[in-house]
Amino acid sequence: MAAPSCNALGLWVRGSGQCLGSRFILACQPFCSSAAASGTLNAQRLAEKLRSQKQEQKTKKQPVPTNPVQRRVQELVRFTQQLQRVHPNVLAKALSRGIVHQDQDLVVINKPYGLPVHGGPGVQLCISDVLPILAKMLRGHKAEPLHLCHRLDKETTGVMVLAWEKEMAHQVQELFRTRQVVKKYWAIAVRVPVPSAGVVDIPIVEKEVQGPQQHYKMTLSPGYRMDNGKMVRARTSRNAHVAVTQYQVLSSTLSSALLELQPITGIKHQLRVHLSFGLDCPILGDHKYSDWNKLAPQLSVGTLKKLGLKQAKARHIPLHLHARQLVLPALGSRKEELNLVCKPPRYFLCSLRRLDLRMPSQDQSGDNEAGRLRAQ
């Protein structure tokens, strides 16, 4: 049964013969309407307050650091956040400006930092989303979407190959799978590996990390272990993958090094795991693999001083891993191998200077000037 309204109550009073019935009706109606208006007003005020608070949070500017390195780190954090909010057309235009090579079969871009290749939880925009737009920018509105030939981690920069046709993409993927593509990365490492050149041949497996921040990491699964000073064969996991990485020190100081890495296999996070857990030289800005239990790098006082940062700001350092060079064998209409080289991003070069690490000459890096293709 519905609750009696004010009007119904007024009629009952009037029906009782009291002379105040009509006055009660007149008084009751303003009372109900004022209560409703008051509720609406309060809701409007609350909504306006929430909107103003949200707007203040958007427009609130963080203090600009006086240190140029800290200012650059803040810019990178803001840039990574903006990449997820830009319009797909704007992102496609930015990728088109970073094209390293283009022919009738392939398009090679210089992948920027902080941009995921594929979609996933929390990813609002990725490279695969803008491939149709990029294709139309390059070949007109009737162009078919470009196709991914391989992938790079979100935090990794450098050479990335796209194909016009799906069949060509499958052929390039097969070259990667059969290890016919020469891949060379540059990385800035915390500490210097010993020896200065060698091969890390240790299987890798994914394991769960116990602790307050429960998560999964790739880690080493060696075939041998030390037992009372003797090396004995260890039981390897069925899920372990063969992983082989060739490395060479290009430049070094007492506390850091510029490394050239050549992955022979292509296991998830292989370079980061081999450097951190195999050589005890984690990549600068590797927040996941610098420590097994922690998700933030712990840098030495000397390294922090050179970078001009405090330990509390170390978590904002970007990953210094750059896919510098790819050499593709002859494929399709191309009768010669294709040598693709991408210049490291600006933050990478800035860190090299501040850590007193030198860029290698052409002879040291093994580049062939005749076949060189640079990203401008």
Exercise for the section: Verify, without hydrogens or angle tests, whether Ser276 (side chain) and Arg272 (backbone) share a donor-acceptor contact under 3.5 angstrom. Expected result: no

Practice task
Compare every heavy atom of His274 with every heavy atom of Ile204, then report the nearest pair and how far apart it is.
Solution key: CD1-NE2, 3.9 Å

Exercise for the section: Using the rule that two of Ile, Leu, Val, Met, Phe, Trp, Tyr join whenever any of their side-chain heavy atoms come within less than 4.5 Å, decide whether Ile267 and Leu220 are in one cluster. Expected result: yes

Handout entry: Backbone N/O of Trp186 and side chain of His322: donor-acceptor pair under 3.5 Å
Key = no

Completion exercise
Between the CD1 atom in Ile188 and the CD1 atom in Ile283, the distance rounded to the nearest 0.5 Å is 10.0 Å

Practice task
Kindly indicate whether the side chain of Leu355, heavy atoms from C-beta on, has any atom under 4.5 Å from the side chain of Leu284.
Solution key: yes

Problem - Residue list, ring-ring contact (aromatic ring centres under 6.0 Å, His included) with His147, at least two apart or on another chain - result: none

Problem - Main-chain N/O of Val182 paired with Gln325 side-chain donor or acceptor, under 3.5 Å - result: no

Completion exercise
Between the CG atom in Leu319 and the OH atom in Tyr347, the distance rounded to the nearest 0.5 Å is 6.5 Å

Exercise for the section: Could you tell me whether a side-chain N or O of His269 sits under 3.5 Å from a main-chain N or O of Asp153, the two making a donor and an acceptor? Expected result: no

Problem - Flag side-chain contact, heavy atom, 4.5 Å: Pro344 against Thr157 - result: no

Practice task
Would you kindly confirm whether Ile264 and Ile202 end up in one hydrophobic cluster when ILVMFWY residues are joined by side chain heavy atoms under 4.5 Å apart?
Solution key: no

Exercise for the section: Following the transitive rule for hydrophobic clusters with a side-chain heavy-atom cut-off under 4.5 Å over Ile, Leu, Val, Met, Phe, Trp and Tyr, establish whether Val172 and Val327 coincide in one cluster. Expected result: no

Problem - Closest non-hydrogen atom pair, Ala240 against Pro203 - result: CB-CB, 4.1 Å

Handout entry: Flag if over 12 foreign heavy atoms under 6.0 Å of CD, Glu144
Key = no

Handout entry: Donor-acceptor under 3.5 Å (Gln270 side chain, Val244 main chain)
Key = yes

Practice task
Mind running side-chain contact (heavy atoms from CB on, under 4.5 Å) on Arg324 and Lys184 for me, showing each step along the way?
Solution key: CA-CA 6 Å; Arg324 183 175 181 272; Lys184 292 185 179 181; 5.6 Å; no

Exercise for the section: Could you tell me the separation between the OG atom of Ser252 and the CG atom of Leu357, rounded to the nearest 0.5 Å? Expected result: 7.5 Å

Exercise for the section: Evaluate the criterion side-chain contact (heavy atoms from CB on, under 4.5 Å) for residue pair Val100 and Ile109; output intermediate values, then yes/no. Expected result: CA-CA 5 Å; Val100 179; Ile109 62 174; 6.0 Å; no

Problem - Main-chain N/O of Lys154 paired with Lys111 side-chain donor or acceptor, under 3.5 Å - result: yes

Practice task
Indicate yes or no: at least one non-hydrogen side-chain atom of Leu328 is less than 4.5 angstrom from one of Leu106.
Solution key: yes

Exercise for the section: Indicate yes or no for a side-chain donor-acceptor contact from Tyr289 to the backbone of Met218 under 3.5 Å, with no hydrogens or angles considered. Expected result: yes

Problem - Heavy-atom side-chain proximity of Pro282 to Arg191 below 4.5 angstrom - result: yes

Handout entry: Nearest heavy atoms of Lys136 and His141, plus distance in Å
Key = CE-O, 3.4 Å

Handout entry: Any side-chain heavy-atom pair of Leu271 and Thr156 under 4.5 Å
Key = no

Handout entry: Lys217 side-chain N/O to Lys288 backbone N/O, donor-acceptor pair under 3.5 Å
Key = yes

Problem - Lys93 NZ: over 12 foreign heavy atoms closer than 6.0 Å - result: no

Exercise for the section: Flag the pair Leu91 / Leu115 as yes when at least one side-chain heavy-atom distance between them is below 4.5 Å, and no otherwise. Expected result: yes

Practice task
Kindly determine whether Val107 and Ile99 satisfy side-chain contact (heavy atoms from CB on, under 4.5 Å), including the steps that lead there.
Solution key: CA-CA 7 Å; Val107 174; Ile99 289 178; 4.1 Å; yes

Practice task
Find out if a path of hydrophobic residues (ILVMFWY) with successive side-chain heavy-atom gaps under 4.5 Å connects Leu131 to Met137.
Solution key: no

Exercise for the section: First locate atom CG of Asp105, then atom CE of Met168, and finally report the distance between them rounded to the nearest 0.5 Å. Expected result: 4.0 Å

Practice task
Dump the intermediate steps for side-chain contact (heavy atoms from CB on, under 4.5 Å) on Val209 and Tyr216, then the final yes or no.
Solution key: CA-CA 6 Å; Val209 181; Tyr216 286 87; over 6 Å; no

Handout entry: Side-chain heavy-atom pair Glu167, Gln171 within 4.5 angstrom cut-off
Key = yes

Exercise for the section: Compare every heavy atom of Trp164 with every heavy atom of Ala135, then report the nearest pair and how far apart it is. Expected result: CB-CZ3, 3.8 Å

Exercise for the section: Examine distances only and state if a side-chain atom of His320 and a backbone atom of Pro318 form a donor-acceptor pair shorter than 3.5 Å. Expected result: yes

Practice task
May I ask you to decide whether Asp356 forms a salt bridge with Arg354, counting only side-chain N to carboxylate O separations under 4.0 Å?
Solution key: no

Handout entry: Contact summary for Ile317 and His287, nearest pair of heavy atoms
Key = O-NE2, 2.8 Å

Problem - Joint cluster assignment, Val192 & Leu259, ILVMFWY side-chain distance < 4.5 Å - result: no

Problem - Heavy-atom donor-acceptor pair, Arg334 side chain to Pro329 backbone, under 3.5 Å - result: yes

Practice task
Please examine the side chains of Pro193 and Val249, heavy atoms only from C-beta on, and report whether any two atoms are closer than 4.5 Å.
Solution key: yes

Practice task
Kindly compute the distance separating NZ (Lys306) from OG (Ser300), expressed to the nearest 0.5 Å.
Solution key: 8.5 Å

Completion exercise
Distance col, row Gln173:CD vs Leu175:CG, nearest 0.5 angstrom, shows 10.0 Å

Handout entry: Over 12 foreign heavy atoms within 6.0 Å of CD, Glu165
Key = no

Handout entry: Heavy-atom pair of closest approach, residues Leu299 and Ala314
Key = CD1-CB, 4.4 Å

